[in-house]
2 protein chains.
Amino acid sequence: MNPTIHDVARLSKTSKSTVSRYLNGQPVKKRTEETLKAAIKELGYHPNVNARRLVKNSTQTIGVVVDDISNNFYSGILRGIEKVANLHNYQCVYYNGVSHRQGEFGFLNLAHERQVDGLILISFLKRSPELFEKIKDLSMPVALIGDGGEGIRDHGLLSVDVNNEHGIKEIVHYLNRIGHKEIAFIAGPDEFSATSQRITGYKKALKELGLTLQPSWIVPSDWSKEGGYKAMSELINKGGMTAVIASNDETAIGALLCTHELGFRVPKHFSIAGFDDIEVSSWVYPPLTTVKQPLYQIGIEATEGLVKKMKNKEAPLQGRRLIEPNLVVRDSCMNLL
Amino acid sequence: MNPTIHDVARLSKTSKSTVSRYLNGQPVKKRTEETLKAAIKELGYHPNVNARRLVKNSTQTIGVVVDDISNNFYSGILRGIEKVANLHNYQCVYYNGVSHRQGEFGFLNLAHERQVDGLILISFLKRSPELFEKIKDLSMPVALIGDGGEGIRDHGLLSVDVNNEHGIKEIVHYLNRIGHKEIAFIAGPDEFSATSQRITGYKKALKELGLTLQPSWIVPSDWSKEGGYKAMSELINKGGMTAVIASNDETAIGALLCTHELGFRVPKHFSIAGFDDIEVSSWVYPPLTTVKQPLYQIGIEATEGLVKKMKNKEAPLQGRRLIEPNLVVRDSCMNLL
DNA sequence: GTGAAAGCGCTAACAG
DNA sequence: CTGTTAGCGCTTTCAC
């Protein structure tokens, strides 16, 4: 059996409360402290966190729920989350959304069973109204990363995402600045909330620049390399554009491949840009011009908001924060001027 | 305040013990069961897991410690772990080894504080003797994935890894089968236990095939794309080989790039093979011939061993399991025959 | 089958 | 500053 606080008290000839106080950083007499320290060391004592959690009714833990924990894309977000969590002495437990037997809403048990004090839900898929219903019953702070549930009427949650619309606008403007006027767009799948936001950005930017919108130049795709390949070959068939923006890097890389295989060169015959700035984007040939997701910053902001809420039940701090992404210029777009 | 088991008992006019028994699947009268079910629903009751953990002195949780949770490479391993864990009704909590303030051994607190019932440590870096000392004091089952602590005398732990030696041997034999006799090798960094194992595989395979070992054809590198680039340019300077095996895919991709930039073609002028089979290996041109890490299987086996130990304190089940990787033939090696 | 009672290891008043 | 006491919410004997 493991030593308990009681054993420490006995060995050091004090009481449980004194030990507890010492453990929690409250003042004890210098002399007591030394005895305590010695006893703890001798016994190899470690507090039982389950007992503490029970009595304090708090866990100092943040539950981080992701669809797929090993999805490399989340990497930066998780780093941001851990950074802030650790700073405030919170522990993170990661919960693999999909893989659980309890189904889509299995993560709710983390909250119901009081394993965590707050929740960060990461998903770029459009969230269902049911989800918001369930969260409402939770009586526990929740922060959303990715889709914030637009279209669902005010849910009073903190939500953080990249400014998709603005990100695409930046590329369009950049392309225009280097002389492009015929710009096509490969869109993403409908299940992601970013898809419509990025399309909107594309359309608005064209309008801002006085370029005409060619509806057939917006081709839907699925954010996969294969999808990008297919979309690009369609676009090349249609012809007429000097640049194409893929709404994510993986698609852009597929488009790159297609272009090369059809005997064209990038950026000579077509300029291609992406969105996300995933690692391989700098590996491909030519290195991809893209928009860098502010992943780390997203993690930071969501967690700061959450922590504030957990510490201070008053602070509302709800609302949507959009973080600005940055244009990363590499070699896949040609200067036409 | 959240409803407790006591509230359920009162509402259903039974006792705490009966509620507890029902919750734990022990037999109760049909009639009681219905009342209970109704009361639980009405109150929105959920058991407090912290109380349960305290009294049972067990958490039904596996702690999974990784250097970097967002390292894509671990993806398959984690899937394997979750699969088996869920199957046996264990929950997983992931612990980000490095990022924690408590330092290298911070994960020990997971065990000491009884947050978990068992631990899976994932790391391909050579483990330190101190680590094994600390683990020994843990009185809790531990499984190792990756480095098993060779050279450290018997530690009685279960450890699972890929058969690195055999994996490289397979490539060498394959290359030889398609006519290669002059095969160079780009080695990995010393900190990884796989490095020496893969070098050994290379040397042994050459010997088995009666090929002469050219020491200058083993060039050290660092498992990065840039490192692979550099190593390949050295090798090309030396000249004479028809094939080069990079000891991981990232290095191989760097080598590919270098070869192309120097005006050579793969596999025409040089055949190049890798190890790991990371996602991008099939994206590059030409698609890379490599050895596929049996990641999922590694996760499965480690977790099965751990679960067995957690359920049955007797079962020793220690020892080292090496899982065989599979050769993946794509287009980066030329048939010389 | 069910209820009463004890106790898991800890914290938090409350006196002193 | 320190000890006493009373729980936190649950499981688990032990009677009945």
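Values in this document were obtained by computation on a predicted structure and should not be read as measured data. Reminder, nothing fancy here: chain letters follow the sequence lines and each chain counts from 1.
Phosphate contact (OP1/OP2 of D/dG9, side-chain N/O of B/Thr4, threshold under 4.0 Å): absent. Phosphate proximity of C/dC10 to A/Tyr45: present, with a side-chain N or O under 4.0 Å from OP1 or OP2. Phosphate contact (OP1/OP2 of D/dT11, side-chain N/O of B/Asn24, threshold under 4.0 Å): present. Of the side-chain N and O atoms in A/Thr32, one or more sit less than 4.0 angstrom from OP1 or OP2 of D/dT2. Between A/Thr18 and D/dT2 there is no side-chain polar atom (N or O) within less than 4.0 angstrom of OP1 or OP2. Not one side-chain nitrogen or oxygen of A/Ser15 sits closer than 4.0 Å to the OP1 or OP2 atom of D/dT2.
Between the OH atom of A/Tyr22 and the C1' atom of C/dC10 there is a distance of 17 Å, rounded to whole Å. Rounded to an integer number of Å, the gap from NZ of A/Lys16 to P of C/dC10 is 9 Å. To the nearest angstrom, P of D/dT11 lies 13 Å from CG of A/Asn50. What separates CD1 of A/Ile5 from C1' of D/dA6 is a distance of 15 Å, to the nearest Å. In this structure, A/Lys56 atom NZ and C/dC10 atom C1' are separated by 10 Å, rounded to whole Å. One interatomic measurement links the two molecules: CG of A/Leu36 to P of D/dG3, which rounds to 10 Å at whole-angstrom precision. At whole-Å resolution of the value, CZ in A/Arg114 and P in D/dG9 are 9 Å apart. Distance CZ (A/Arg52) to C1' (D/dC10): 20 Å, rounded to an integer number of Å.
Taking a 6.0 Å sphere around NZ of B/Lys83, one finds it holds 12 or fewer heavy atoms contributed by other residues, nucleotides or ligands.
When the nearest nucleotides of DNA chain D are assigned to B/Pro3 and A/Pro27 by heavy-atom distance, the more 5′-ward of the two goes with A/Pro27. Mapping B/Leu54 and A/Gln26 onto DNA chain C by nearest heavy atom places B/Leu54 at the nucleotide closer to the 5' end.
Side-chain N or O atoms of B/Asp161 include none that pairs as donor or acceptor with a backbone N or O of B/Leu322 at under 3.5 Å.
The base of D/dT4 lies close enough to the side chain of A/Ser17 for a donor and an acceptor atom to sit less than 3.5 Å apart.
Using a 4.0 Å heavy-atom cutoff across all strands shown, B/Asn48 reaches sugar-phosphate atoms only and no base atom. B/Arg21 comes within 4.0 angstrom of a base, heavy atoms only.
Considering only side-chain atoms of B/Val55, the nucleotide from C/dT2, D/dT2, D/dC10 that sits closest is D/dC10.
Counting only N and O atoms by type, the side chains of A/Ser20 and A/Ser17 include no donor and acceptor under 3.5 Å apart. Residues A/Asp67 and A/Tyr74 have side chains that bring a donor and an acceptor to within less than 3.5 angstrom of each other.
The side-chain heavy atoms of B/Gln115 and B/Val93, taken from C-beta on, include no pair separated by under 4.5 Å.
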